[in-house]
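Accompanying notes for the structure given below.
We count ligands from 1, going down the list as the structure has it; atoms in each ligand are counted the same way. Count residues from 1 along the sequence.
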Amino acid sequence: MALRKIVVEGDPVLKKKSRPVEKFDARLAELLDDMKQTLYSAQGVGLAAVQVGVLRRVVVVDVGDGLLELVNPEIIEAQGEQRENEGCLSLPGKYGETIRPAVVKVKAQNREGKWCIYKGEDLKARCFCHEIDHLDGILFTERLAPEAAVQTEKIR
Ligand code: ZN
C-alpha cells in the first residue's frame with residue numbers, strides 16, 4: 001500500500017470524466033488499497049480515483065461505519081432533499097451549502113466485479129453523490145444551494 005498525492009483545485013484533471021473500469025485485476029486492487037490509505041490519512045469520508053489523478057470510475061467511502069469500495073457506481077434511486085455544508089479533500093479549507101438528495105440507492109461493482117446495491121441516508125447519501133459527481137468532473141462548488149457561497153477557512 002502507498003499513500004497517493006491528492007490533486008487539488010486548479011489541476012485540470014478534476015474537470016475530466018472518468019472511464020469505466022473493465023479489468024478487475026491486481027492493479028485495481030492496488031488502486032483501491034492506496035485510495036483507502038490516502039482517505040484515512042487525509043481524514044476524509046470519501047475519495048474518488050480522479051482525486052489521486054486516475055481517471056477511472058472508482059470511489060471509496062467511509063462515513064464511520066466501514067469502508068465501501070464502489071467501482072463503476074451509478075445512482076439508481078434518489079429521494080427527498082438535504083441542504084448541508086460540504087467540503088472536499090481537493091478543495092482544502094473550502095466549504096459551502098449544497099442541495100443533495102436525502103436518500104440514495106447506488107449500484108456498484110466490488111473489486112471482484114460483483115454488482116451490489118448500497119443505500120445511503122444523510123451524510124452517506126451526500127457522500128455518494130459528491131464522489132460520483134467527481135467521476136463526471138463535477139465539484140461541489142457547482143452544486144451550491146440558492147444564495148449559498150463558498151466559504152474559505154484558513155488552513156493551519
Ligand atoms: Zn470531493
Side-chain angles (χ1 to χ4, degrees), residues 1-21 28 30-76 78 80-111 118-146 148-156:
M1 273 204 281
L3 267 188
R4 301 217 186 180
K5 194 171 182 288
I6 296 177
V7 169
V8 293
E9 199 183 15
D11 190 317
V13 80
L14 288 173
K15 299 280 184 186
K16 291 190 178 160
K17 211 173 149 83
S18 296
R19 294 181 303 274
V21 170
L28 175 66
E30 191 188 0
L31 173 65
L32 282 162
D33 290 342
D34 289 356
M35 284 173 66
K36 172 187 171 182
Q37 198 185 7
T38 307
L39 175 73
Y40 289 147
S41 158
Q43 295 182 300
V45 291
L47 187 71
V50 60
Q51 292 181 275
V52 293
V54 177
L55 282 167
R56 288 289 176 184
R57 302 188 79 83
V58 176
V59 157
V60 291
V61 165
D62 188 345
V63 295
D65 59 354
L67 188 82
L68 296 177
E69 299 178 341
L70 310 178
V71 180
N72 298 327
E74 280 171 52
I75 293 169
I76 52 170
E81 200 179 275
Q82 55 171 319
R83 180 180 170 140
E84 286 292 339
N85 231 0
E86 201 165 309
C88 177
L89 291 175
S90 292
L91 279 68
K94 287 191 176 177
Y95 298 91
E97 277 188 342
T98 60
I99 304 270
R100 299 285 191 187
V103 183
V104 294
K105 255 187 206 167
V106 171
K107 182 181 94 169
Q109 283 167 288
N110 66 13
R111 60 167 72 197
Y118 303 91
K119 191 181 171 191
E121 290 179 32
D122 304 320
L123 174 61
K124 197 185 265 185
R126 190 156 74 247
C127 196
F128 283 159
C129 295
H130 178 116
E131 299 311 328
I132 291 169
D133 267 356
H134 270 303
L135 305 181
D136 294 316
I138 299 165
L139 300 174
F140 82 85
T141 46
E142 292 167 62
R143 300 281 193 203
L144 290 181
V150 176
Q151 287 147 42
T152 310
E153 238 177 44
K154 263 207 181 131
I155 306 160
R156 282 150 291 175

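For the residue pair Asp33 and Arg111, the shortest heavy atom distance occurs at OD1-NH2, 2.8 Å. Across all their heavy atoms, Asp65 and Lys124 have their closest contact at OD2-NZ, 2.9 Å.
Counting heavy atoms from C-beta outward, Leu47 and Thr38 have side chains that approach closer than 4.5 Å. For the pair Phe140/Arg126, no side-chain contact is recorded, criterion being any heavy-atom separation below 4.5 Å from C-beta on.
Protein atoms that are N, O or S and lie under 2.8 Å from the Zn ion (ligand 1) are these: Cys88 SG, His130 NE2, His134 NE2.
A salt bridge links Arg100 with Glu86: at least one charged nitrogen is closer than 4.0 Å to a carboxylate oxygen. Between Glu74 and Arg57 there is no salt bridge, since no side-chain N of the basic residue sits under 4.0 Å from a carboxylate O of the acidic one.
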